[in-house]
There are 2 protein chains.
Amino acid sequence: MSPFEDEKLDPRVKRTRQMIEQAFDDLIKEKGFQTLIVQDITERAGINRATFYAHFPDKYALLDHSIRHRFHQELEKRMLNVCQFSLGNLRNLVIVVCEFVDKSHSQCAHSDLQFQALVEVQVRIQIHGLIGHWLEGLPSGVDFPATRASASTAASWALYGLAVEWNRTRRMPPLEEYADQVLPLLAANLGLNMEAAAPLPA
Amino acid sequence: MSPFEDEKLDPRVKRTRQMIEQAFDDLIKEKGFQTLIVQDITERAGINRATFYAHFPDKYALLDHSIRHRFHQELEKRMLNVCQFSLGNLRNLVIVVCEFVDKSHSQCAHSDLQFQALVEVQVRIQIHGLIGHWLEGLPSGVDFPATRASASTAASWALYGLAVEWNRTRRMPPLEEYADQVLPLLAANLGLNMEAAAPLPA
DNA sequence: CAAAGAGTGTTGCTTATGCAACAATGGAGA
DNA sequence: TCTCCATTGTTGCATAAGCAACACTCTTTG
């Protein structure tokens, strides 16, 4: 459930990965993802090129890892990775995703479509996993429009799409307001009627 | 002449030394030199204890190296390590030494006498080397009170002593003024009569 | 005095990283 | 088309770093 714990790993490995990730993050801001070559990363990180390939198959794998890592950190900040389902937590998730998408889109220079697509895939996977985990924790009596798997799929796509839309409209309305506005939509995906007495704590 | 150039060294070695030196500097500020044990340094640096001993015989050698390194950096900042003798350069050297002594004494918490003594030895060695190098570059016609070797010895001790004194009087008078004040003393050590027409550019 | 603990250096072995060279791919330009 | 060049992954070998264990010295504490 938590692929980024501080495993008791060889300190050399931990250091090298940190240096690679740091160099990668910096370079993406500076020259974007597409024009970035592996040699840039290893030079900035101060490691050998062969060492890079000992850790990542290529720069795409590194990007995937980096996105997962950073998004997971955002979840950790709000403890969304160690909680149960509630409308309040779902609302926080909306906020996290919107902010993350906004930050990603702003830092990639030339509206790099490939970059954005790769971000989307990784983030959606994580959202899907989190919501799926939440739903597993619900009592079996709760009804869903379909299976729980379908529910988390629909909700994760919907949530990401809403985040992109919020970014596209130049972050209007304000995030808190937007979260309140779209929360019923997502709740509906999950089979929750917000007008009736919700079976969950808000 | 320059023991700290960016030699083409194995990047692993460069990294490890940097981490050790960084951890050492931080820890000295936090808990002083005497109470510091090697294990503290290696833990903070994130390296193995055996690796430490592969680079330094003990914490005293590390301190020596650290002082030499930092003092040399100060010389480099003002390009005193790549210039010839002049009264202006000697004056700059006074300023560098005063500032360095002051910084060292302020950062060592409990007026750690051993620490101060170790700093003194290393800094004086460097001053001695630099002045000696300067004197070698002078034309053979210039007169000294004694040999050039004696002159640089006397001057280096005198200069360090003056720096300690300036620190002891709570940095009074202001550094620039103090430098002008003591410059004739040091010049006399080097056989230069500042009242007569100096054979050197000011 | 004895025993326990903390810190020091050292050692043998394992593992990760550095380095240089290589073939393979693909794009740019004559 | 052809060559040139940059980039990519990969490989074998050299070297640095990690790790656990050891003996040794001091200090502390009962």
Side-chain angles (χ1 to χ4, degrees), chain A residues 3-24 26-28 30-66 69 109-110 112-115 118, chain B residues 3-28 30-66 69 109-110 112 114-115 118:
Chain A
F4 296 104
E5 284 179 15
D6 299 335
E7 302 155 17
K8 289 166 189 170
L9 211 54
D10 190 315
R12 291 171 291 183
V13 174
K14 218 181 297 180
R15 268 206 302 276
T16 299
R17 292 195 181 150
Q18 277 183 351
M19 292 187 298
I20 291 176
E21 291 171 32
Q22 185 61 52
F24 183 65
D26 294 347
L27 284 169
I28 279 202
E30 292 176 22
K31 54 181 294 187
F33 178 69
Q34 285 179 342
T35 63
L36 200 59
I37 66 178
V38 174
Q39 195 175 350
D40 294 332
I41 302 169
T42 58
E43 279 177 3
R44 177 68 66 96
I47 63 161
N48 195 275
R49 204 161 54 86
T51 304
F52 175 91
Y53 289 109
H55 290 266
F56 300 97
D58 49 38
K59 71 172 183 175
Y60 297 94
L62 172 56
L63 177 61
D64 288 353
H65 175 82
S66 170
H69 192 32
H110 315 288
D112 187 328
L113 291 180
Q114 184 189 25
F115 177 83
L118 293 169
Chain B
F4 297 105
E5 284 179 14
D6 300 334
E7 301 156 18
K8 289 163 189 171
L9 211 55
D10 189 315
R12 289 172 291 182
V13 174
K14 218 181 297 180
R15 268 205 303 274
T16 299
R17 292 195 183 151
Q18 276 183 351
M19 292 187 297
I20 291 176
E21 291 171 31
Q22 184 61 51
F24 183 65
D25 289 351
D26 294 346
L27 284 169
I28 278 202
E30 293 176 22
K31 53 182 295 188
F33 178 70
Q34 286 180 344
T35 63
L36 200 59
I37 65 177
V38 173
Q39 193 175 350
D40 292 334
I41 301 169
T42 59
E43 279 177 3
R44 176 68 66 95
I47 64 161
N48 195 276
R49 204 161 54 86
T51 303
F52 176 91
Y53 288 109
H55 290 266
F56 300 96
D58 49 40
K59 71 172 184 174
Y60 297 94
L62 172 56
L63 177 61
D64 288 352
H65 174 83
S66 170
H69 191 32
H110 313 288
D112 188 328
Q114 185 188 25
F115 177 83
L118 295 168

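Labels below follow one simple rule: chain letters A, B, ... track the order of the sequence lines, proteins then strands, and each chain is numbered from 1. This one's a predicted model, so the numbers in the text were calculated from it and none came from an experiment.
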Could you state the atom-to-atom distance from CD1 of B:Ile41 to P of D:dA17 in whole Å?
16 Å
Of the listed nucleotides (D:dG18, D:dT8, C:dG18), which one gets closest to any side-chain atom of A:Asp10?
D:dG18
Whole-Å distance between C:dA16 C1' and A:Phe56 CZ?
15 Å
Taking only side-chain N and O atoms of B:His55, does any of them lie within less than 4.0 angstrom of OP1 or OP2 on D:dA16?
no
Could you state the CG-P distance from B:Asn48 to C:dC13, rounded to the nearest angstrom?
17 Å
In Å, rounded to the nearest 0.5 Å, how long is the span from CD1 of A:Ile41 to CZ of A:Arg44?
10.5 Å
note: B:Leu9, atom CG; C:dT17, atom P; distance rounded to Å ~ 18 Å
So, does A:Arg15 get its side chain near the phosphate of D:dG18, meaning an N or O under 4.0 Å from OP1 or OP2?
yes
For the student: nearest non-hydrogen atoms of B:Leu62 and B:Glu21, plus distance
CD1-CG, 4.4 Å
CG-NE2 distance between B:Asp64 and B:His69, expressed to the nearest 0.5 angstrom:
14.0 Å
Distance under 6.0 Å and angle within 45° of ring axis: A:Lys59 vs A:Phe33
yes
Is it the case that D:dG18 (base atoms only) and B:Arg49 (side chain only) share a donor and an acceptor within less than 3.5 Å, ignoring hydrogens and angles?
no
Reading DNA chain D from 5' onward, which residue's closest nucleotide shows up sooner: A:Ile37 or A:Arg12?
A:Ile37
Starting at atom CD1 of A:Ile47, determine the distance to atom P of D:dA17, rounded to an integer number of angstrom.
16 Å
B:Thr51 vs D:dA16: side-chain N/O to OP1/OP2 distance below 4.0 Å
no
Where each residue is assigned the nucleotide of DNA chain C containing its nearest heavy atom, which of B:Val38 and B:Ala50 is assigned the position nearer the 5′ end?
B:Val38
Considering only C:dG18, C:dT17, D:dG9, which nucleotide approaches the side chain of A:Val13 most closely?
C:dT17
In this structure, how many angstroms lie between the C1' atom of C:dA16 and the CZ atom of A:Arg17, rounded?
11 Å
Euclidean distance, atom CE of residue A:Met19 to atom P of D:dA17 [Å, nearest integer]:
12 Å
May I ask you to evaluate whether B:Tyr53 reaches the phosphate of C:dT10, defined as a side-chain N or O under 4.0 Å from OP1 or OP2?
no
Rounding to an integer number of Å, can you tell me how far B:Leu36 CG sits from C:dG7 P?
11 Å
Starting at CD of A:Glu30, measure out to OG1 of A:Thr35 and round the result to the nearest 0.5 Å.
10.5 Å
